[in-house]
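Heads up, the thing below is written out as structure tokens.
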Amino acid sequence: IYKARSDYYSVFSLWDTFRAWHPLMTIIDRKRTLDYIKTFLRQYEKGRMLPVWELSSNETECMIGYHSVSVIVDAYMKGISDFNSDEALNAMRNSAEANERYGLGAYMDHGYLDVLDESESVSKTLEYAYDDWCISTFARKIGRDDIAKQYLTRSQHWQNLFDPQTKFIRPKRNGAWLNPFDPREVNNNYTEANAWQYTFFVPQDIPGLICKMG
């Protein structure tokens with residue numbers, strides 16, 4: 001049993017909230033946003049992982065990405081920064097380099113997830129790449145250019161699943177494009193979506209995606 005050092009929150013369904021709800025909270029409730037981040041860091045302190053999809057102080061691991069990173073960095077860049085930035089960077093890197101979990105070992109090894117590595121391989125690759133860009137942005141902001149460069153490179157892993165022929169981001173099997181391929185099909189290579197939807201999930205490099213698509 002632990003005693004919280006600040007207001008402590010639970011039930012972070014981060015895959016569902018990192019895109020819109022948490023950015024909204026940085027605008028309408030900055031104090032609570034800071035408490036969320038302090039909660040993330042306490043959870044990291046006790047369990048050595050930032051929350052992924054946490055329910056009642058238990059990690060369910062039921063969704064993808066490590067989007068605590070996105071929430072922390074968005075807040076920090078907006079001036080919500082009354083927390084230990086070095087601890088936060090260590091926590092983010094620990095989540096991004098947990099190579100025994102979530103297919104991250106394969107992602108780091110060959111720059112994307114193959115369907116033989118993990119289910120929902122395309123979505124996981126894309127969301128990991130976005131979170132890596134967030135880590136890069138944070139590291140550069142606090143003067144860790146060496147780490148920023150490493151994660152900026154990782155943030156470009158989305159390109160490894162972009163097919164220049166079809167102009168879609170699509171799955172690979174044994175390093176080759178998985179066929180047959182229907183961009184409208186919702187299947188186990190994407191998370192609750194299809195290629196039409198996930199091909200546009202490159203928020204960290206919109207100019208790069210435009211260049212690829214034409």
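Numbers for residues simply follow the sequence, beginning at 1.
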task: Indicate if I27 and I37 have the same hydrophobic cluster label, given that clusters are the connected sets of ILVMFWY residues with side-chain heavy-atom separations under 4.5 angstrom.
output: yes

K78, NZ: over 12 other non-hydrogen atoms inside 6.0 angstrom: yes

- prompt: Just one of H67, E127, E192 clears the side-chain hydrogen bond (donor to acceptor under 3.5 Å, both in side chains) bar with W15, so which one?
  reply: E127

field: T199 side-chain N/O to I169 backbone N/O, donor-acceptor pair under 3.5 Å
entry: yes

message: Do M92 and F83 land in one hydrophobic cluster if side-chain heavy atoms of ILVMFWY residues count as linked below 4.5 Å?
response: yes

field: Polar side chain donor-acceptor pair, D16 to W53, under 3.5 angstrom
entry: yes

Stacked cation flag K124 on Y107, 6.0 angstrom / 45 deg: no

- prompt: Is the side chain of D132 donor-acceptor paired with the backbone N or O of S155 at a distance under 3.5 Å, no angle test?
  reply: no

message: If hydrophobic clusters are built from ILVMFWY residues whose side chains come within less than 4.5 Å, do V11 and W21 share one?
response: yes

Ring center gap for F12 and F40 short of 6.0 angstrom: yes

- request: For R93 and I147, indicate whether the former's side chain and the latter's backbone hold a donor-acceptor pair under 3.5 Å.
  value: no

query: Side-chain heavy atoms under 4.5 angstrom apart, residues restricted to Ile, Leu, Val, Met, Phe, Trp, Tyr: same cluster for F201 and I210?
result: no

task: Say whether, by atom type as modelled, one donor and one acceptor occur between the side chain of T33 and the main chain of M25 under 3.5 angstrom.
output: yes

message: Any carboxylate oxygen within less than 4.0 angstrom of a Lys/Arg side-chain nitrogen, looking at D35 and K31?
response: yes

Test item: R184 side-chain N/O and N194 main-chain N/O as donor-acceptor pair under 3.5 Å: no

- prompt: Sequence neighbours excluded, which residues qualify as salt bridge (charged side-chain N to carboxylate O under 4.0 Å, His left out) partners of E185?
  reply: none

- request: Examine the side chains of H110 and D117 and answer whether a donor and an acceptor come within less than 3.5 Å of each other.
  value: yes

query: Between W196 and F200, how do the two ring planes meet: parallel, tilted or perpendicular, split at 30° and 60°?
result: parallel

D114 (side chain) donor-acceptor with N174 (main chain) under 3.5 angstrom: yes

message: Test your reading of the model: is there a side-chain donor-acceptor pair from T125 to the backbone of L113, 3.5 Å cut-off?
response: yes

task: Indicate the ring-plane relationship of F138 and Y76, choosing parallel, tilted or perpendicular according to the 30° and 60° boundaries.
output: perpendicular

message: If you count every heavy atom of other residues, nucleotides or ligands that lies below 6.0 Å from Q165 atom CD, does the total exceed 12?
response: no

message: Tell me whether R48 forms a cation-pi arrangement with Y44, defined as NZ or CZ under 6.0 Å from the six-membered ring centre and within 45 degrees of its axis.
response: yes

task: State whether the number of non-hydrogen atoms from other residues, nucleotides or ligands found under 6.0 Å of R19 atom CZ is greater than 12.
output: yes

message: Once you measure the plane-to-plane angle for Y128 and Y66, does it fall in the parallel (<30°), tilted (30-60°) or perpendicular (>60°) bin?
response: parallel

- request: Look at the side chain of K212 and the backbone N and O of K167, then say whether any donor-acceptor pair between them is shorter than 3.5 Å.
  value: no

- line: Sorted by chain and number, sequence neighbours left out, salt bridge (charged side-chain N to carboxylate O under 4.0 Å, His left out) with E54 holds for none

- prompt: Above 12 or not: heavy atoms from other molecules or residues under 6.0 Å from CH2 of W177?
  reply: yes

task: Check whether any side-chain heavy atom of W158 lies under 4.5 Å from a side-chain heavy atom of L126, and answer yes or no.
output: yes

field: Polar side chain donor-acceptor pair, Y9 to R32, under 3.5 angstrom
entry: yes

query: Is the shortest distance from a Lys or Arg side-chain nitrogen in K38 or E87 to a carboxylate oxygen in the other one below 4.0 Å?
result: no

Donor-acceptor under 3.5 Å (N189 side chain, P171 main chain): no

message: Within this structure, what is the CG-CD distance for the pair L41 and Q43, rounded to the nearest 0.5 Å?
response: 9.5 Å

